[in-house]
Peer 1: 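Take this structure, written in structure tokens, and hold onto it; I'll ask about it next.
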Amino acid sequence: MLDASQEQENRAMPPIDLLLHLEHLELDAAAPRAAMALASRLGARLDALYVADLPATAFSLPEAVPVQLEETQRRVAEAQAHEGAWRQAMASRSLQGAWRVTQGDTVQTVSLAASGYDFLVMERSQQRSDAPVGFGSVSRCVFASGRPVLVVPDVAPVAGIGADVLVAWNGSRESALALAASVPILRQAKRVHILDGSEMNAEMLPVLPPPGLPDWLRRHGIQADIEILHAGPSHAAGPAVLDMAHQRGADLIVMGAWSRSRLAQMVLGGTTRHLFMHGDVPMLVAH
């Protein structure tokens, strides 16, 4: 039985909607498992979206268009046939959500669909190169969707998600957006650790007056310990964040994405680039 204060808090919490982009139809893969685990933790609705990719370049050779369309329609039909498996997987976890199948340019379609959701969940392959990093489908959706994106490496074990969270904070706009988006997750986490690397960006970012990060966390009902990161230049933060996530057994990293431009990250390196290339922990990112 919930007491009156808990019931009032639950009624005050707005509903949360998650959109899972399925790059393939294997529901036991890392991203579907992470999405279902997060939906269960948050009591959220979870919709799945499969897009049979049909980019504009498919129409560049008129003689190839019929073949492209036939293959796309085959993949649409194959995906539609998986709805039963999706519903069964959702029912086994007492989750609600729709199975959506369409065709079109993947980035444009997913980004448009995500605008009506609180979080977008996408899987990122560690085998297929996203080089130059920042210009692959997942990276482009982080920019184009305008939504926080849970990026799940396909090598992530995903035993659970959201119980032990590491927040990589650097004082940037992107970092603040990611932190604000993660509030529903942080409030329910068992442990929250903030790795504060804002001193590493002191020369690039304006210094704001109080209230600061500790006050913000308290006002949002989040208990966290804060550790200052002294790791030298800002491009050294990536390895430090990943090492800390491994040391603490974190099942989720919350961080801003591309505080610097993608071109600067390609040339100089950066936290986002390092974690997208080498990370094996799910990341909730925002840009």
Side-chain angles (χ1 to χ4, degrees), residues 16-39 44-61 64-90 95-131 133-156 158 257 262 276 282-287:
I16 297 175
D17 297 326
L18 310 180
L19 177 65
L20 165 65
H21 167 247
L22 289 167
E23 186 175 359
H24 46 77
L25 297 170
E26 177 54 61
L27 297 182
D28 193 40
R33 287 189 284 115
M36 291 181 186
L38 184 59
R45 175 188 175 89
L46 173 61
D47 289 353
L49 173 64
Y50 177 84
V51 181
D53 190 49
L54 188 64
T57 54
F59 300 94
S60 58
L61 294 174
V65 170
V67 177
Q68 291 277 4
L69 291 176
E70 182 179 354
E71 172 60 19
T72 300
Q73 291 167 1
R74 184 195 65 78
R75 284 186 282 130
V76 166
E78 181 184 4
Q80 289 172 337
H82 278 70
E83 182 173 359
W86 168 257
R87 294 195 177 279
Q88 184 177 0
M90 294 285 282
L95 295 174
Q96 299 292 323
W99 177 257
R100 305 174 63 185
V101 179
T102 188
Q103 63 185 41
D105 179 86
T106 296
V107 173
Q108 292 180 359
T109 304
V110 172
S111 298
L112 175 60
S115 60
Y117 292 82
D118 298 288
F119 298 98
L120 170 62
V121 183
M122 301 187 75
E123 184 171 294
R124 186 175 186 279
S125 172
Q126 295 289 64
Q127 297 297 322
R128 291 195 305 276
S129 174
D130 193 18
V133 174
F135 295 90
S137 295
V138 175
S139 309
R140 289 163 60 202
C141 283
V142 172
F143 279 84
S145 68
R147 310 307 300 160
V149 181
L150 178 62
V151 180
V152 185
D154 60 354
V155 296
V158 194
R262 286 178 282 184
F276 266 50
M283 298 168 283
L284 181 67
V285 303
H287 177 80

Peer 1: With heavy-atom distances below 4.5 Å as the criterion, would you say the side chains of Phe119 and Arg147 are in contact?
Peer 2: no
Peer 1: Is the side chain of His287 donor-acceptor paired with the backbone N or O of Ala257 at a distance under 3.5 Å, no angle test?
Peer 2: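 Looks like yes, one N/O pair under 3.5 Å.
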Peer 1: Applying side chain to side chain contact (heavy atoms under 4.5 Å, CB included) to Val110 and Leu120, what does each step give before you reach the verdict?
Peer 2: CA-CA 9 Å; Val110 172; Leu120 170 62; 3.8 Å; yes
Peer 1: Is there a side chain to side chain contact (heavy atoms under 4.5 Å, CB included) between Ile16 and Arg45? Walk through the geometry before answering.
Peer 2: CA-CA 6 Å; Ile16 297 175; Arg45 175 188 175 89; over 6 Å; no
Peer 1: Counting heavy atoms not belonging to Glu26, are there more than 12 under 6.0 Å from its CD?
Peer 2: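 Correct, the count exceeds 12.
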Peer 1: Can you find a pair of side-chain heavy atoms, one from Val158 and one from Val152, that are under 4.5 Å apart?
Peer 2: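 Yes - at least one pair of side-chain heavy atoms lies under 4.5 Å apart.
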Peer 1: Got Leu46 and Tyr117 here, is their nearest side-chain heavy-atom distance under 4.5 Å?
Peer 2: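 No - every pair of side-chain heavy atoms lies 4.5 Å or more apart.
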Peer 1: Working note: Met122 + Leu150, criterion side chain to side chain contact (heavy atoms under 4.5 Å, CB included); need CA distance, chi angles, decisive distance, verdict.
Peer 2: CA-CA 6 Å; Met122 301 187 75; Leu150 178 62; over 6 Å; no
Peer 1: Please give me the minimum heavy-atom distance between Trp99 and Gln80, naming the atom from each residue.
Peer 2: NE1-CA, 4.1 Å
Peer 1: List the atom of Gly97, the atom of Asp47, and the distance in Å for their closest heavy-atom pair.
Peer 2: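 Closest approach of Gly97 to Asp47: CA-OD1, 3.3 Å.
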Peer 1: List the atom of Ala35, the atom of Leu18, and the distance in Å for their closest heavy-atom pair.
Peer 2: O-CD1, 3.8 Å
Peer 1: Has Arg33 got a side-chain atom pairing as donor or acceptor with Asp28's backbone, closer than 3.5 angstrom?
Peer 2: yes
Peer 1: Can you sort out the partners of Glu78 under side chain to side chain donor-acceptor pair (under 3.5 Å), two or more places apart, ordered by chain and number?
Peer 2: Arg74
Peer 1: Is any side-chain heavy atom of Thr102 less than 4.5 Å from a side-chain heavy atom of Leu49?
Peer 2: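 Answer yes - side chains close enough.
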Peer 1: Looking at side-chain heavy atoms only, is the closest gap between Trp86 and Leu20 below 4.5 Å?
Peer 2: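 They are in contact (side-chain heavy atoms under 4.5 Å apart), so the answer is yes.
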Peer 1: Using a 4.5 Å cut-off on heavy atoms from C-beta on, say whether the side chain of Arg75 contacts that of Tyr50.
Peer 2: yes
Peer 1: On a heavy-atom basis, which atom in Ala114 and which in Ser145 lie closest, and how many Å separate them?
Peer 2: CB-CB, 4.1 Å
Peer 1: What heavy-atom pair brings Asp53 and Thr72 nearest, and what distance separates the two atoms?
Peer 2: O-OG1, 4.0 Å
Peer 1: Is the shortest side-chain heavy-atom distance between Val121 and Leu19 below 4.5 Å?
Peer 2: no
Peer 1: Which heavy-atom pair separates Ala44 from Leu95 by the least distance, and what is that distance?
Peer 2: O-CD2, 4.3 Å
Peer 1: Determine whether a donor-acceptor pair (N or O, by modelled atom type, separation under 3.5 Å) exists between the side chain of Thr109 and the backbone of Thr106.
Peer 2: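 Not at all, since once roles are kept as given, no pair shorter than 3.5 Å links the two residues.
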Peer 1: Would you kindly say whether His21 and Glu123 are connected by a side-chain donor-acceptor distance under 3.5 Å?
Peer 2: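 No - no donor-acceptor pair under 3.5 Å links their side chains.
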